[in-house]
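What follows is a single structure, written as structure tokens, with notes after it.
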Amino acid sequence: MTTTAPAPGTTAPATAPRLATHLAAPAPGWVAEADAVVVGSGIAGLTAALELRTRVPRVLLVTKDALLSGSTVWAQGGIAAALDPSDSPAAHLQDTLDAGAGLCDPRAVEVLVTEGPARVRELVARGAVFDTGPDGAISLTREGGHHADRIVHAGGDATGAEIARALVAQIEAVRDDPGIEVIEHALVVDVLTGPPGPDGRPGPACGVTLHVIGEGQRDGVGAALGRAVVLATGGIGQVYRSSTNPAQATGDGIAAALRAGAVLGDVEFVQFHPTVLWLGSGVKGQLTLVSEAVRGEGALLLDTDGVRFMPDVHPMAELAPRDVVAHAIVQRIASTGSDHVWLDARHLGASFLRQRFPTIFERLAQHGIDMATELIPVAPAQHYHSGGVVADIVGRTTVPGLYAVGEVACTGVHGGNRLASNSLLEGLVFAHRAARHISSRLDDLPQLTPTPRPGDAALVTAASRARIQRIATDGPGVLRTGPGLSSALAALDRVPTDAHARTDDGRLLAAPQVAEWETTNIHQVATVISSAALTREETRGGHVRTDFPLTDEAWRLRLELSLDPDGHLTTTRTPLA
Ligand code: SIN
């Protein structure tokens, strides 16, 4: 099947999904005030908070769980930066553009790769201890899609944990400083906005509503007011049945930004990691990642007949870009009638594997697998959201005062598929830029009074979560079709979202509480991904339409989604620069 060239512009078909513009929640019972409110404590949120602390009088850092939680802690492989004299930002730029399948914003990528090395050295100055070689220089390794050794790692395969440890230690060291307040166990409910514009869309951001679990004065739902709000809330893994992401990754930031009027981009580009430990089709939730770095050190992929298949697929074989490897595995699984493939690291030897990959070695051992002597069963699972809240190269979204950094953002550095180990780097580089931009423009950002958002409030019962995850996995999953995506949208539309919905015996279906707010966010994110995936009638990067198997130059554009004032999801086909 061939595609028809899409006309640039706006589409809002009568059938466009309708989503609520705020969550049902009690009125705030407490208020905290700051100049800048940072939401999230991964590499992006911690970096933004530390940079802002020295530049603006009052910073409030809020995080959904404890400071040391979230996706950064789980990152194994590393952080990419052209540090070796034989490497260059230009080579890193080219690999990033190639992985991004024609949809990257080259200007944003240039910022990423040129500022990345300095930011990584600053991490060392902040106390992060990276693995070094005999000469004391930082050891660099390779992952899929990279033509040079440029992956910095720590503790072998515990890079994110080490970075988070170092940054959290810096925050802890200034916790008594009156210029910074930290609130943990705080779920962001909605972004607060000022008076709407003439078009009826929400006004500038002026804070967030939060639900805090039990700490003295800051308990229950409250309002954190600020002149600038930085969303650094991470990813969306829990939209799917299984993911490498932790339980906190319920898409809270992207959904709240959408409800606040922000434009989302590239949301159909969901990355499925090729080598996630396969433990049976019934296994759900967070799954064990087997880092791409294992292939970087020479591990091979074999089908269940023991045949190595990647050299026939791509010149880079097992180190082809991540989407290429994931799709090759899915096809091999289908053609062999199996449900997984094997990762073979046995030839690397027990002592090397134990020393280079201590975390993976231990996690596999907990599942009874000795990676030094046994094959590892793997299959693709959700890993990363390449799209997100559209943000420019200083993190500004389309809503004044609202910034987005890290995985929640769509800066254009990933395009259709993120290059391995560019995610920690993106969080680091763009959080640093956003903090500097906010501090330079603080005087232009007045503290506005929040204005209630009109329209119905949404609340989806937590009992619907498994159903929504099944719909997302079957619809906008690894392989997509038009009919499958239409069915997913219809099924999502049947999920009751009205906060006043009642059971047959008259009880309210959902109560305003954490599990319900998260499930509502999961529902809204599943809807926007399904909608964009249905619109994009081609295969590109992480978006595979089996009914449109070719990449089509006419689709080399970004799909941007936003809610109109009535809550209809509007899709704009935006040409790339
Ligand atoms: C991995 O270690 O394979 C994941 C790294 C990444 O997602 O960039």
Side-chain angles (χ1 to χ4, degrees), residues 42-44 70-81 92 95-96 98-100 109 112-113 116 120 130-131 139-146 149-164 234-237 243-246 249 269-278 286-299 301 316 318-326 329 343 345 353 356-361 363-364 371 376 378-386 388 406-407 413-415 417-429 541-542:
I43 188 169
S71 296
T72 294
V73 176
W74 291 91
Q76 295 179 351
I79 181 161
H92 188 182
D95 287 344
T96 303
D98 289 348
V109 179
L112 180 82
V113 298
V120 170
F130 294 117
D131 296 337
S139 308
L140 300 168
T141 188
R142 198 172 292 215
E143 289 180 355
H146 290 273
D149 289 350
R150 62 169 75 100
I151 314 298
V152 178
H153 47 91
D157 54 3
T159 315
E162 171 56 15
I163 292 171
I236 58 144
S243 166
T244 60
N245 295 184
F269 293 103
V270 177
Q271 188 169 77
F272 295 85
H273 196 289
T275 53
V276 179
L277 179 64
W278 188 86
Q286 187 180 11
L287 303 183
T288 299
L289 177 68
V290 185
S291 174
E292 206 152 294
V294 179
R295 278 173 283 135
E297 297 291 357
L301 284 164
M316 294 176 84
E318 278 82 359
L319 287 179
R322 194 169 282 178
D323 59 324
V324 175
V325 182
I329 291 176
L343 185 65
L353 290 170
R356 176 70 180 83
F357 301 112
T359 311
I360 297 170
F361 201 96
R363 290 206 181 120
L364 293 178
M371 72 188 289
I376 308 163
V378 292
Q382 195 282 342
H383 180 61
Y384 189 83
H385 198 197
S386 299
E407 185 170 354
V413 297
H414 306 313
N417 176 43
R418 175 177 64 85
L419 184 66
S421 286
N422 267 357
S423 52
L424 292 176
L425 189 69
E426 184 198 23
L428 189 61
V429 167

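Atoms within a ligand are numbered from 1 in the order they appear, just like the ligands themselves. Keep in mind it's a predicted model, so treat the numbers as computed, not measured.
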Just wondering, do [Y] and [X] contact through their side chains at under 4.5 Å, heavy atoms?
X	Y	answer
R322	Y384	no
S291	I360	yes
V378	L301	yes
L425	H92	yes

message: For atom 1 (C) of ligand 1, tell me which residue out of G296, S421, S291, A293 has the closest non-hydrogen atom.
response: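 Heavy atom nearest to atom 1 (C) of ligand 1 belongs to S291.
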For ligand 1, which atoms have a heavy atom of [X] less than 4.0 angstrom away?
X	value
A420	8 (O)
H383	4 (C), 6 (C), 7 (O)
E292	1 (C), 2 (O), 3 (O)

message: Heavy atoms only, cut-off 4.0 Å: how does Q271 contact ligand 1, side chain, backbone, both, or neither?
response: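 Answer for Q271: neither.
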query: Does an N or O from L419, backbone or side chain, lie closer than 3.5 Å to an N or O of ligand 1?
result: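 Min N/O separation from ligand 1 is not below 3.5 Å for L419.
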- prompt: Under 3.5 Å, is there a donor-acceptor pair between the H153 and T159 side chains?
  reply: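 The criterion, which ignores hydrogens and geometry beyond distance, is not satisfied for T159 and H153.
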task: Say whether H273 and ligand 1 are in contact under the criterion: heavy-atom distance to a ligand atom below 4.0 Å.
output: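 Within the 4.0 Å threshold, so yes.
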- prompt: What protein heavy atom sits nearest atom 4 (C) of ligand 1, and how far off is it?
  reply: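 Result for atom 4 (C) of ligand 1: R322 NH2, 3.6 Å.
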- request: To the nearest 0.5 angstrom, please state how far the CZ atom of R363 sits from the CG atom of L289.
  value: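 That separation rounds to 8.5 Å.
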